[in-house]
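In listed order, ligands and their atoms are each counted from 1. The residues of the chain are indexed from 1 along the displayed sequence.
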Amino acid sequence: MKVAKVVVDVPVSSIDSLFDYEIPDELLSVVKPGVRVVVPFGPRKIMGFVIDITGSSEFEKLKPIHTVMDYAPVLTPELLNLSKWLQEETLCFRVSALQAMLPAVFKAKYEKEVWLLADEGELPFDWQILTQGREVFPFNELEESGIKASQISSLVSEGLIEIKYVVKGKNRVKKDTYIELALEQVKVIEVIEELGKQAKRQKQVLEYLIDTNGEIRLKQLMDDLGVTRAPIKTLEDKGIIRLVQKEVYRDPHANSNERTKPLPLTEQQQQVIEPVLSRIDENKHEMFLLHGVTGSGKTEVYLQSIDRVLQEGKEAIVLVPEISLTPQMVERFKSRFGDDVAVLHSGLSTGEKYDEWRKIHRKEVKVVVGARSAVFAPFENLGIIIIDEEHETTYKQEDYPKYHAREVAKYRGQYHKCPVILGSATPTLESYARAQKGVYQLLELSERVNEQALPHMEIVDMRKELEKGNRTMFSDPLVEKINDRIKRGEQVVLMLNRRGYSTFVMCRECGETVQCEHCDISMTYHRTNHKLKCHYCSDEKPMPNQCPKCESEAIRFFGTGTQKVEEALQQQFEHARIIRMDVDTTSRKGAHERLLKKFGNQEADILLGTQMIAKGLDFENVTLVGVIAADAILHLPDFRAAEKSFQLLTQVSGRAGRHELPGEVVVQTYTPEHYTVELAAQYDYESFFNREMQIRRRFAYPPYYFLVLINISHENHVKVVDASQRIANMLSQRLGESALLMGPSPSPMLRIKDRFRYQCMIKYKNRQDVDEPLEHVLNSFQKEMNKEELQLTVDFEPYYFM
Ligand code: ADP
Ligand code: ZN
Ligand code: ZN
């Protein structure tokens with residue numbers, strides 16, 4: 001008897017293990033590891049993933065698999081193993097890990113269709129009765145026909161048919177007409193010679209087809225030759241050519257025109273790429289950290305590394321943050337590698353994502369450029385993984401499985417024995433520290449390719465503006481410079497780096513903020529008891545009525561929304577044309593691109609936005625970048641606040657003066673003496689790193705310690721406090737030596753969607769010190785989570801503390 005080991009789709013920890021099912025004879029050749037099946041589970045039938053197949057089971061009586069959902073594996077053996085690792089690494093359910101690797105279309109209930117890839121005549125007889133001349137027909141007809149699953153599966157693996165999901169709506173599979181020769185070339189040449197002078201058009205078409213050697217889209221041929229349908233119809237009637245309907249992939253990045261060639265590398269680029277190329281040649285894993293200032297030519301290094309990988313017949317994954325924001329980046333890969341590139345990002349529809357995934361699955365592409373989840377691309381012969389802007393927090397998934405793409409890349413790099421490149425102008429402290437210790441190999445690009453200077457950053461002290469009597473949001477130097485640009489017809493980007501809630505208080509006269517003495521993070525204001533609280537360690541202070549430092553009474557909450565700034569801006573610059581970009585104005589699909597295009601066409605003078613505008617924009621007419629309030633991010637209740645500010649200031653300044661016109665940056669702040677602001681203005685990453693590392697060491701933060709955050713929430717305030725306390729007690733009894741428990745304390749946003757939220761944080765050095773205690777907590781609270789609607793999540797390497 002053959003037994004399938006199956007992960008069932010029941011996300012409950014007590015049954016999060018493999019179940020044995022008997023494989024019925026008729027499914028023997030179909031059920032393989034990586035295939036999804038439907039299995040009986042109690043009274044129900046549910047989905048499951050086949051992980052392994054064995055010859056026996058320790059259980060007596062096994063239930064048989066009911067049916068299969070896939071006729072070819074959707075996950076590779078490597079990815080099946082990776083799911084196990086993800087489960088252990090992030091303490092998620094195995095089934096969530098498996099599902100995270102597949103496009104959404106596999107999760108929902110979509111209809112399936114059968115597509116004929118071969119001529120009907122090549123199919124077995126019982127198929128021909130079924131197809132009746134159709135190239136595509138609904139899958140349920142196949143199910144009802146009684147054709148055996150094993151036969152379906154073997155036709156799929158021979159490439160005679162394909163089973164596809166149908167995503168309804170305007171994104172249905174698109175077809176296009178192709179033209180091809182119906183005769184052998186020699187015959188066609190004879191025909192050409194026999195054609196008379198008046199058949200010039202027909203001749204042209206045939207010669208074109210011989211040149212292009214095969215098939216081409218009809219429309220393209222007509223465009224290229226400038227011919228009408230008539231000569232084509234004649235040739236078709238004579239049986240010399242034929243027209244065929246073929247599927248075209250929905251391609252959101254279609255019409256890439258010119259192919260670009262590799263540029264001769266600069267000396268620095270040459271030095272940097274060499275070790276990468278050797279690892280590719282030697283088939284050896286290594287983690288590289290490519291630290292290169294903006295404009296230093298990192299992308300060209302990526303492109304040429306991939307080139308080498310393709311020459312060796314292997315595949316490449318490139319991760320890019322929030323890719324829909326940087327179509328320019330995608331274009332660079334498409335124009336170098338053409339149709340070998342698939343693009344995967346969150347801006348695509350379900351159908352588009354499925355199309356791109358299928359190209360990878362069917363080995364029709366060799367390079368995938370995508371957001372976080374592209375790290376799971378089902379390539380089987382990976383030669384390199386690149387993570388651009390490695391410091392971006394979007395590489396960490398906030399839902400289960402709460403994985404970091406960097407760690408998945410490392411796992412896959414080890415498996416495939418290939419290099420992984422992490423690239424950034426402002427690497428995370430974790431990565432740079434690893435590079436200094438030799439865990440990653442550090443590669444440095446310290447100069448810009450065009451030898452242009454980075455734009456000058458001017459720091460404006462907002463306290464002085466207040467002293468002068470300027471009570472607006474805009475300092476005199478900023479106003480003057482904006483007026484100047486409007487006059488010259490140049491453009492301005494203004495950033496208001498507001499993020500989440502601004503719950504900190506600040507003195508407007510001296511810039512003082514209230515920090516926790518134990519944690520070095522801003523304390524947050526809690527309205528319920530009018531107190532300031534540290535949400536890491538739960539320490540409390542009364543809300544001060546005057547500034548503890550300068551005794552001014554101008555101490556209050558900080559933060560303004562983009563809409564308010566827009567109004568103020570319009571008042572100040574009456575005739576300026578302003579585009580506002582924030583969550584409100586960009587939530588509709590395509591809104592982003594539309595607004596940016598408008599700005600690019602110079603239909604506006606000022607682009608005002610949140611940090612979403614800091615990344616990847618490249619407009620040649622932008623010569624001024626303004627940061628309205630650097631403090632808003634500098635004082636987030638997050639130990640990474642300084643690091644994030646440094647990254648953001650560096651990044652946003654890169655938006656100015658990217659081309660001929662020199663750029664300038666104005667940063668407004670109440671704390672100009674803060675080392676983050678000072679060092680960002682000097683583009684001095686190294687010094688910033690050293691300063692910040694001292695603080696991380698003193699307060700026991702990463703990279704000196706690892707963190708894990710436990711979030712607890714419930715609709716009832718009393719219950720959540722009680723549960724949090726019990727969890728903390730349970731943990732403190734079990735945690736190993738290296739681990740420090742902090743909390744429980746209320747989350748900075750105490751209440752979201754009617755749920756009260758608390759958190760505990762553990763700082764630890766060795767993973768074994770926290771694994772058992774956390775699993776114990778999860779198991780012990782399982783019942784309350786099911787029955788009492790208590791929510792409990794565990795987040796390793798957390799980035800989001802709100
Ligand atoms: P980064 O990714 O480090 O910000 P880019 O790769 O975007 O830098 O490079 C900046 C500019 O320099 C781009 O316009 C790119 O085409 C150009 N560039 C990169 N490498 C070279 C080279 N070796 N020779 C000439 N131009 C280059
Ligand atoms: Zn003060
Ligand atoms: Zn504290």
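When only modelled atom types and interatomic distance are considered, H391 and Y432 share no side-chain donor-acceptor pair under 3.5 Å. For the residue pair N470 / S475, no side-chain donor-acceptor distance below 3.5 Å is found, with atom types taken as modelled. Of the N and O atoms on the side chains of Q268 and S446, at least one donor lies less than 3.5 Å from an acceptor on the other residue. A donor atom on one side chain and an acceptor atom on the other are found under 3.5 Å apart for Q515 and T513.
Across G295, G423, P264, P262, heavy-atom proximity to atom 4 (O) of ligand 1 is greatest for G295. For atom 23 (N) of ligand 1, the nearest non-hydrogen atom from the set Q304, Q268, E300, Q269 comes from Q269. Nearest to atom 9 (O) of ligand 1 by heavy atom, out of S296, G297, S424, G292, is G297.
Side chain of S687 to main chain of D684: no donor-acceptor pair is present (N/O by atom type, distance under 3.5 Å, no hydrogens or angles).
Residue contact check: T266 has heavy atoms under 4.0 Å from atoms 23 (N) of ligand 1. Every atom of ligand 1 with a heavy atom of T299 under 4.0 Å away is listed here by number and element: 2 (O), 6 (O).
With E300 as reference, R336 is the one residue of R336, K261, R332 to meet the salt bridge (charged side-chain N to carboxylate O under 4.0 Å, His left out) rule.
Near-neighbour remark for the Zn ion (ligand 2): protein N, O or S atoms under 2.8 Å are C507 SG, C510 SG, C547 SG, C550 SG; waters not counted.
Put simply, the angle at the Zn ion (ligand 3) from SG in C537 to SG in C534 is close to 110°, to the nearest 10°.
At a heavy-atom cutoff of 4.0 Å, ligand 1 is contacted by no atom of A425, backbone or side chain.
Taking a 4.0 Å cut-off on heavy atoms, V293 registers as neighbouring ligand 1. A heavy-atom separation below 4.0 Å is found between R332 and ligand 1.
Of the polar atoms of L263, none of the N or O atoms is found under 3.5 Å from an N or O of ligand 1, judged by distance alone.
Atom NZ of K597 sits in a sparse spot, with 12 or fewer heavy atoms from other residues, nucleotides or ligands closer than 6.0 Å.
If you take CD on E392 and NZ on K644, they are separated by 10.5 Å, rounding to the nearest 0.5 Å.
Taking 2.8 Å as the threshold, C516 counts as a candidate ligand of the Zn ion (ligand 3), since one of its N, O or S atoms lies below it.
Geometrically, R372 does not engage Y395 in a cation-pi contact defined by less than 6.0 Å to the ring centre and at most 45° from the axis. Taking the ring axis of Y799 as reference, the NZ or CZ atom of R640 stays within 45° of it and closer than 6.0 Å to the ring centre. A cation-pi arrangement, defined by a distance under 6.0 Å to the six-membered ring centre and an angle within 45 degrees of its axis, is present between K763 and Y701.
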